[in-house]
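To keep things clear, I will list the structure first and then write my remarks on it.
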Amino acid sequence: MAVKKAAAKSTKAPKAPKAPKGESAPDYSKSPWAAAFRRKAGERKYWLLKSEPETFSFDDLMKAPAKTTGWDGVRNYAARNFMRDAMKKGDLAFYYHSSIDPQVIVGIVEVMREGYPDPTALNKKHPHFDPDSDPAAPTWIQVDVKAVERFGKPVTLSAMKARKELATMALIRIGRLSVTPVTKEEWGVILAMAKD
DNA sequence: GCCAACGTTGGC
DNA sequence: GCCAACGTTGGC
């Protein structure tokens, strides 16, 4: 399985506060990301996943078995929390190519399996093995995503930055976060840009 | 290559 | 617990 995220290059993962098995999700109501963790019954939520195309592109995903992959390699707590506690089966996410010119959203993926331990963090032989992660309560979590649609017209970062409606988008505000929430409004604006 | 925006570490 | 130093991401 390919590494989905450049952060996976980072050295040693920090010590994690380990939630005992079976403990419910933390209280995110005071978090700056609280809205991303709130969900009405039956509501679908939207996300954005970054990948360096040289490592794992949308084309790579299209060629994968069942067009599906585990989103492994994420080693950032904010991104981990979204995958562990907020992303649900049936949610949709934009697939963003970073560290390439131009940076673009190239398509859409769907969450097929909710958060479960990232096997690369538990595999001693894997470059992204995390010796501090307790196998009984793994620190790092991934979801499975499936390619749904490739945009005929990828949406560039610069085009998104030019749109007032997207000024507060997490991708624009916090460039380095590899998994970010997308509001329903932002989702609609970007979809329209892709269909122009 | 540079550097802003972070997240983490470690000295105190 | 504070915060300076350091490392990383990723756009420019």
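All chains are named by letter (A, B, ...) in the order of the sequence lines, taking the proteins before the strands, and each is independently numbered beginning at 1. Given the structure is predicted, the values throughout are model-derived calculations rather than measurements.
With C:dC12, C:dG10, B:dT8 as the choices, the nucleotide that has an atom nearest any side-chain atom of A:Tyr77 turns out to be B:dT8. Among the nucleotides C:dG11, C:dG10, B:dG7, the one closest to any side-chain atom of A:Asn76 is B:dG7.
By the ring-ring contact (aromatic ring centres under 6.0 Å, His included) test, A:Tyr46 pairs with A:Trp187, sequence neighbours left out.
In the helix from B:dG1-C:dC12 to B:dC12-C:dG1, the rotation axis of the first five pairs and that of the last five pairs differ in direction by 10°, rounded to 10 degrees.
Spacing between atom CE of A:Met160 and atom P of C:dG10 amounts to 14 Å, rounded to whole angstrom units. The distance from atom CD1 of A:Ile100 to atom P of C:dC12 is 15 Å, rounded to the nearest whole Å. The nearest whole Å value for the distance from the CZ atom in A:Arg75 to the P atom in B:dT9 is 14 Å. For the pair A:Leu177 CG and C:dG11 P, the interatomic distance rounds to 13 Å; values are reported in whole Å. Straight-line distance from the CD atom of A:Glu52 to the C1' atom of C:dG10: 8 Å, rounded to whole Å. Distance CD1 (A:Ile172) to C1' (C:dT9): 16 Å, rounded to an integer number of Å. Per the geometry, CG belonging to A:Leu48 stands 14 Å off C1' belonging to C:dG10, to the nearest Å. In this structure, CG of A:Leu49 is placed 12 Å from P of C:dG10, rounded to the nearest angstrom.
Ring-plane geometry between A:Phe82 and A:Trp47 is classed as tilted, the angle between the planes lying from 30 to 60 degrees on a 0 to 90 degree scale. Between A:His126 and A:His128, the ring-plane angle classifies as tilted under the 30° and 60° cut-offs.
For the pair A:Val109 and A:Lys146, the minimum side-chain heavy-atom distance is 4.5 Å or more. Between A:Gln103 and A:His97, the closest side-chain pair of non-hydrogen atoms is not below 4.5 Å.
Electrostatic pairing of A:Lys45 and A:Glu43 counts as a salt bridge here, judged by a charged N lying under 4.0 Å from a carboxylate O. Between A:Arg80 and A:Asp118, no side-chain nitrogen of the basic residue sits less than 4.0 Å from a carboxylate oxygen of the acidic one, so the salt-bridge criterion is not met. For A:Lys67 and A:Asp60, the salt-bridge test fails: no basic side-chain N is under 4.0 Å from an acidic carboxylate O.
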* Going through the distances and angles, do A:Ile190 and A:Met169 end up as a side chain to side chain contact (heavy atoms under 4.5 Å, CB included)? -> CA-CA 11 Å; A:Ile190 291 167; A:Met169 188 177 174; 3.5 Å; yes
Any N/O pairs under 3.5 Å between the protein and nucleotides 1-5 of chain B? List them or say none.
residue	atom	partner	partner atom	Å
B:dA5	N3	A:Arg176	NE	3.1

